[in-house]
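For reference, the structure is listed below as structure tokens.
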Amino acid sequence: MTEQITILLIVIPLIAAPITALFKQNFYAWMITLLVSICCGVISGYILLEVIDGKHLIYELGGWRPPWGIEYKIDSLNAFIAFIVSVIAIVTNIFAYRSVPTEISKQNIGLFYAAMQLCLLGLLGIALTGDIFNLFVFLEISSLSSYALISMGKKRQALTAAFSYLILGTIGATFFLIGVGFLFAASGSLNISDIANRFHTFEDMQLVVTAFIFIVLGLALKAAIFPLHSWLPNAYGFAPSTVSIFLSATATKVSIYALIRVLFDLYPVDYWQSLLFPQILLVLGCVGVIYGSFRAWQQIEIKRLLAFSSVAQIGYIIIGIALMSELGLTAAVIHLFNHAIIKATLFIGAGILIYRSNTTKLEDLRGFGASMPWTFAAITIAGLSLIGVPGTVGFVTKWYLLEAAIEQSKWIVVMAIVIGSVFAIAYIWKIVEALYFNSKRKIHIHNVKSGDIKVATASKSMGLALWLGAFSCIYFGLFTEFPFASAYAVAKGLLGL
Amino acid sequence: MMSEFNMSDALNYVAGHINYWMIIAVMMVGLYTLISRTNLMKKLAGLSMFQTAVILFYVSLGKVTEGTVPIIDQGYTLYSNPLPQVLMLTAIVVGVATTALGFALVIRIKESYHSIEENEIEAMDGKE
């Protein structure tokens, strides 16, 4: 019975999306999307509770036995990722109700929500599937809908950002497909656990190394790992606020999940360790942390600043994976969760700024904090967790990451994390300074009708979404049992302990 | 162990893998077009070629020498592998969707920038 539930995570959004596309009014389309995401949240939470003690749920599509049929194999990692994605979807949708009508033209609202659901469906599919070709299909479903979503941004740069994301994303997906083809040629199978079980029979073939390089490159492009991140700042910077929140919190995380799956489940760990791959990842992660944080500090616009900080945060996750220890992996998996919360909260904050003043340029927003103390307090809390102040979620990750690095005496990694945090203080301070301490100047507000009530107040639903995020930043920083228990179970499972 | 270089062996190797060589050629033409052109339409054309090469690769992967169409019938024992072809049906659909979305974006870009040359668009964005 429980197995049957897993497929509902895919089926519900798949059925609801075309129905949503028929609605023109914001309220109905929004209501369906919210209900879909709540359903997905409840189901994935239930699945997570089922598998957290190391059990597996296996669902065979259409009753075809693997390796011939497609199989959904749920362990604690899958369930954890699916849970993150659906919870973020709920929070995003709470925010979306007021924001979408101001940013999306009226005739596109139904299609917008439909694309949001398709994106959710793709991301959940990647998280659940145990078939590597099926993973490619879901990767493309989520990517195609996110290209469309990004292109709906208000400024025309959103179009070029979406186009370059389309080109790079498709190259990434095609690389992944080539890799899968090579692996299929070598193994004759597409089922992840089947390939892993029979890996020793074909591991000497040159084809397998080539397949590994193609698959990893493709996924690294989708995950925006440091030298392949060029699409990310523009895409998240110019997308509509709702889309920035959802994608920044989930899309790259899910690609990193796919990468973890490939590294630890598809290929044996010893195999890619002998290719010097952990060292390469470690260097890329460290450089990514420093570069991303530095570029974030240079930005003069909040959304682009946050996007560059995402590049840095992905670096932390990669460092955690590359350390290859129980503690490092735990840190990486916790950070998938923590960063999703933090970035969602910050982008919701940026979304409220856009809603009220139509701008995110720091110099236009000088002194705006005084007129919106609550919103601003939440942004500050999320900013502090990004830096990693004790008592917030960011601290938990950095603590475990530093511990893991010190355990292996990798001092360069420790240095990179510290430098990254210093730059994080600098760029969060830029926001705080602009909004709080430059109160002398008159606030510049663009393109808002005079007497428009929305300049004076942010709507209640937006405030609710923002404070949900800010509250969980602190809650999960103080009571770490839930994310830690899940992440620790995941790390143990991956390393086969 | 290094065996002596034999011209006919080398030729046989090239001729025996002729489909793969041609696929590599198509793939590289696509990728080069994608990288070198500034015109967005030509970029999309390159992207399509690149994807098509991968589709050809899969399809030729499934061919078994002397194998027939994979329909069970008396008198035939050797069949080609149908799985890669089925996979490629999905990949073709994905490719079509990508290209269509790309064209839609190019149209919108043309409407708002009055150009589809990448360098001109970048220059316009730089001014803002």
Side-chain angles (χ1 to χ4, degrees), chain A residues 67-68 70 115 118 122 131-134 136-171 173-186 188-190 207 214 218 234 238 301 361, chain B residues 20 23-24 27 30-31 34-35 37 40 43-44 46-62 81 83-84 86-91 93-116 118 120-122 124-126 128:
Chain A
W68 296 281
I70 294 169
L118 286 177
D131 181 282
I132 197 157
F133 189 82
N134 200 228
F136 161 78
V137 175
F138 281 125
L139 200 64
E140 279 309 80
I141 293 178
S142 66
S143 300
L144 279 169
S145 42
S146 50
Y147 309 144
L149 286 169
I150 289 167
S151 74
M152 289 191 206
K154 259 185 178 173
K155 290 187 183 153
R156 64 177 179 180
Q157 283 100 318
L159 295 171
T160 41
F163 189 82
S164 57
Y165 183 22
L166 180 132
I167 297 280
L168 287 173
T170 310
I171 293 177
T174 313
F175 270 27
F176 182 79
L177 193 60
I178 298 173
V180 171
F182 283 167
L183 204 56
F184 175 69
S189 176
L190 292 166
L207 212 52
F214 270 118
N234 277 340
F238 293 115
E301 205 252 349
K361 280 223 180 81
Chain B
Y20 294 117
I23 289 165
I24 291 171
M27 188 180 280
L31 201 57
L34 178 62
I35 296 167
R37 301 293 125 169
L40 300 184
K43 269 183 185 293
L44 275 179
L47 192 68
S48 277
M49 276 185 82
F50 183 52
Q51 288 182 308
T52 310
V54 179
I55 291 168
L56 287 174
F57 165 68
Y58 267 81
V59 171
S60 67
L61 211 59
N81 188 350
L83 185 64
V86 178
L87 298 178
M88 282 312 102
L89 282 182
T90 320
V93 173
V94 170
V96 169
T98 311
T99 319
L101 186 59
F103 284 149
L105 284 175
V106 171
I107 292 172
R108 297 255 326 260
I109 288 174
K110 171 84 179 164
E111 278 170 359
S112 48
Y113 287 89
H114 304 291
S115 166
I116 51 167
E118 199 178 32
E120 290 173 14
I121 292 170
E122 266 167 23
M124 275 184 247
D125 276 348
E128 281 173 16

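In what follows, every chain begins at residue 1, and chains take the letters A, B, ... in the order their sequences are listed.
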Heavy-atom cut-off 4.5 Å, strictly under: side chain, backbone, both or neither for B:L40 against chain A? both

Proximity breakdown for B:T90 and chain A, heavy-atom pairs closer than 4.5 Å: side chain

When the 4.5 angstrom heavy-atom criterion is applied to B:I121 and chain A, the contacting part is side chain

Which portion of A:F133 sits near chain B, non-hydrogen atoms under 4.5 angstrom: side chain

Take the angle between the ring planes of B:F57 and A:F182 and call it parallel below 30°, perpendicular above 60°, tilted in between. perpendicular

Output the option from A:T170, A:V180, A:V137 having the highest count of non-hydrogen pairs under 4.5 Å with chain B. A:T170

Side chain to side chain contact (heavy atoms under 4.5 Å, CB included) with A:A161: which residues, sequence neighbours excluded? A:N234, A:F238

Which residues pass the side chain to side chain contact (heavy atoms under 4.5 Å, CB included) test with A:L144, sequence neighbours left out? A:Y147, B:A97, B:T98, B:L101

Compare every heavy atom of B:K43 with every heavy atom of A:F163, then report the nearest pair and how far apart it is. CE2-CD, 4.3 Å

Tell me the closest heavy-atom pair linking A:A185 and B:L61, and the distance in Å. CB-CD1, 3.8 Å

For A:F184 and B:P84, which heavy atoms make the closest approach, and how far apart are they? CE2-CG, 3.7 Å

Show, in sequence, the C-alpha distance, side-chain angles and deciding distance for A:L159 and B:E111, and conclude whether the side-chain contact (heavy atoms from CB on, under 4.5 Å) test is met. CA-CA 11 Å; A:L159 295 171; B:E111 278 170 359; over 6 Å; no

Need one label for A:L190: side chain, backbone, both or neither, based on atoms under 4.5 Å from any heavy atom in chain B. side chain

Using non-hydrogen atoms only, which part of B:L47 is less than 4.5 Å away from chain A: side chain, backbone, both, or neither? side chain

Can you tell me how far CE of B:M124 sits from CD of A:Q157, rounded to the nearest 0.5 angstrom? 11.0 Å

Chain A interface, residue from B:I109, B:L105, B:L87, B:V94 that has the most non-hydrogen pairs under 4.5 Å: B:L87

Cut-off 4.5 Å, heavy atoms of chain B, and the answer for A:Y165 is neither

Kindly give the heavy-atom pair with the smallest separation between A:L177 and B:A91, and that separation in Å. CD2-CB, 4.2 Å

